[in-house]
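Heads up: the structure comes next, in structure tokens.
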Protein chains: 2
Amino acid sequence: MAKPAARLKDIADKTGFSVNTVSLALRGSSRIPPETRALIADVARELNYLPNFVATSLVRRETRSIGLILTDLSNPVLTAVAQAVEGELSKRGYTTLFATSNNDIAVEETMIETFRARRADGMLVFPCSHRRLDHIRKLRARNYPVVLLVGDPDAGIDAVCMDERMGAYKAVGHLLSNGHRRIVIIDGGTKLGNSEKLEGYMQAHRDAGVEIDTALFVKPSGHSVAHGYWAADTIFSQRLGASAIFATNDSLALGVLRYCARNNIRVPDDIALMGFDNIEFGEYAVTPISTVDYNVERVSAMAVERVVDLIGAEADLPPPRVTLIEPDLLIRQSSNSTLRG
Amino acid sequence: MAKPAARLKDIADKTGFSVNTVSLALRGSSRIPPETRALIADVARELNYLPNFVATSLVRRETRSIGLILTDLSNPVLTAVAQAVEGELSKRGYTTLFATSNNDIAVEETMIETFRARRADGMLVFPCSHRRLDHIRKLRARNYPVVLLVGDPDAGIDAVCMDERMGAYKAVGHLLSNGHRRIVIIDGGTKLGNSEKLEGYMQAHRDAGVEIDTALFVKPSGHSVAHGYWAADTIFSQRLGASAIFATNDSLALGVLRYCARNNIRVPDDIALMGFDNIEFGEYAVTPISTVDYNVERVSAMAVERVVDLIGAEADLPPPRVTLIEPDLLIRQSSNSTLRG
DNA sequence: GTGAAAGCGCTAACAT
DNA sequence: ATGTTAGCGCTTTCAC
């Protein structure tokens, strides 16, 4: 850690006061007369004193840090969440310990342990899987403040997130009401459960009295642009007779769009397209992509507020609360031929 | 911090050994016989013991954490760096303290102080400005390990990054050798210096004996897709007579591309286009964008290696070393009409 | 108004 | 083979 930093003791020695007095003075205690405080402050500055927060954390039994664990940062919307969360935490005097699990549950568990060993006051986690939440449930059972960034109403864990089911329901509903009857859903990287969006898709069909054809479910092995491109390739080479595609995120939709451009398939005339997340790259695509707005600011602010509340809880943690934020649709050209780019 | 966690003392009390013995046993010291170790390990598990890393940090005077300060995460390439850096650090047993400065130098300074107070063993920073580096220089002068993620050979601070000047030189050289003589450069968010890419642009012109026209310098107030769109608007409404555009990042280039699509300007036939960074969205744009590859993995790995080396330095820090990684060009359709999408 | 003493949970000499 | 002591840098009673 470089040059041994100045300690309270150094200031005490130099001023002749005790460590205690210096500590109080530096924290602006009214028990210390203003002149003394000023004197001590001067010497502190001179010595380039910076309080050792590690020591303070040990005494106070709080670190004013929280752990943020995401799956990965390839999705711009997760990235935006990371940034917004850090900003919110910083505002409240918390430092962010950051890690990505790379969708590996073992890594997720390890990072949680690491942060716990570092005595992070709480954690915000975007878990790899909706199904494997036991380690997190156990944490909570031990009164450790955790808030998930994906919502599973039955998980027994606090969560704040967009209502993905509702978002998908609205998106697919929009396509259905535009007369589409055979709608492909591209859902990437959901090997471990997480079918909120698929459920929304199905509910929309049921409510509209449209039959569901599982041949229209396309499942690439990830959710990047390349996966969307691949998905489009399988869709169009299989001749599924689809007139619309619902991609479960904008990156996938962008991949589809690229495939269409390359193969002279017109969007939305030959095929309508909807994405999910509302990333800037979708808005500025050749054909601006209709999408479901992900309210990053709102999710981040509420999630942070929730952990902080949990941290402040007196005795046991209150019962878990799941907050689902209802998303809005953004209809652009990719699903609406009357809108012109 | 939830239920008071088990301490060494609790294990000591329960087993009858001293705290010291428990500590040694848990760390696998050969001084403790295997049976004792096993016994202690059992009780530790039973008590759900997790070492308090805050206490350890205080004693050892190292936290095994490093601070990562970025400007913002809106650029996918910075995002990728963040993720790769975290991965590298994690491999080496370091935890990442993360913060964004939002391009505000005051925030940058505050975060540096915060991380220093938390006794981060070192820092990786992508500074707001190339010009205002005094606070970081001062840190280094106090023997604090810092590595910049942008390279200023004269800053007197360690740095590992892509050679942006060289990248721009190559990109513009490519356009020049394709016969372009009036090349616009779109350079966003550089109010505070940072003209490496502009320098590369100029050097390429000089070496090719092509005159430089400052009317071709377009400076939007940021580097997002929207700013690129805006830049394209000013370019085409000013009738600059340009035949090529060099956008200093891919987001800007994507904005230009969107503008062209909307205004029936053909890329590359009417205007050639090059970006910088090689983000996936550029590769999969309607017209795949030629760009300068940003070697995220390499930069991240080397930067981490460098801080870790500095942290391990015995006495004073070695003299600062700036590592510039030479980037490769990726020529795609946007700058080459013989390539067909 | 100021200081002494104890302690946060751990590690590291130095005993025995 | 195990325990004792001191101390990391700070905060918090409690005393004078």
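Just so we're clear, the structure is a prediction, and the values are computed from it rather than from any experiment.
The CD-P distance, from B/Glu62 to C/dC10, rounds to 17 Å in whole Å. Atoms CZ (A/Arg31) and P (C/dG3) sit 11 Å apart, rounded to a whole Å. Look at CG on B/Leu39: it is 10 Å from P on D/dT2, rounded to the nearest Å. Rounded to an integer number of Å, the gap from B/Arg37 CZ to D/dA1 P is 11 Å.
Residues passing the side chain to side chain donor-acceptor pair (under 3.5 Å) test with A/Asp104: none are found, sequence neighbours excluded. For B/Phe98, the ring-ring contact (aromatic ring centres under 6.0 Å, His included) test picks out A/Phe98, with sequence neighbours left out. Listed by chain and number, the residues in a salt bridge (charged side-chain N to carboxylate O under 4.0 Å, His left out) with B/Asp72 amount to none (sequence neighbours excluded). Every residue two or more places apart in sequence or in another chain that forms a side chain to side chain donor-acceptor pair (under 3.5 Å) with A/Thr21 is listed here: A/Ser18.
Every pair passing salt bridge (Lys or Arg N to Asp or Glu O under 4.0 Å) that includes a residue from residues 18-42 of chain B is listed here, sequence neighbours excluded: B/Asp42-B/Arg45.
At the phosphate of C/dT2, neither OP1 nor OP2 sits under 4.0 Å from any side-chain N or O atom of A/Thr21. In this model, the phosphate group of D/dT2 is approached by a side-chain N or O of B/Thr36 to a distance below 4.0 Å at OP1 or OP2.
Although no hydrogens or angles enter the test, the distance criterion places no donor-acceptor pair under 3.5 Å between the side chain of B/Arg321 and the main chain of B/Arg306.
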Filtered N/O pairs between nucleotides 7-11 of chain D and protein, under 3.5 Å:
from: D/dC8; atom 1: O3'; to: B/Arg61; atom 2: NE; distance (Å): 3.4
from: D/dG9; atom 1: OP2; to: A/Arg7; atom 2: NH1; distance (Å): 3.4
from: D/dC10; atom 1: OP1; to: A/Tyr49; atom 2: OH; distance (Å): 2.6
from: D/dC10; atom 1: OP1; to: A/Asn52; atom 2: N; distance (Å): 3.1
from: D/dC10; atom 1: OP2; to: A/Leu8; atom 2: N; distance (Å): 2.7
from: D/dC10; atom 1: O3'; to: A/Thr56; atom 2: OG1; distance (Å): 3.3
from: D/dT11; atom 1: OP2; to: A/Ser23; atom 2: OG; distance (Å): 2.5

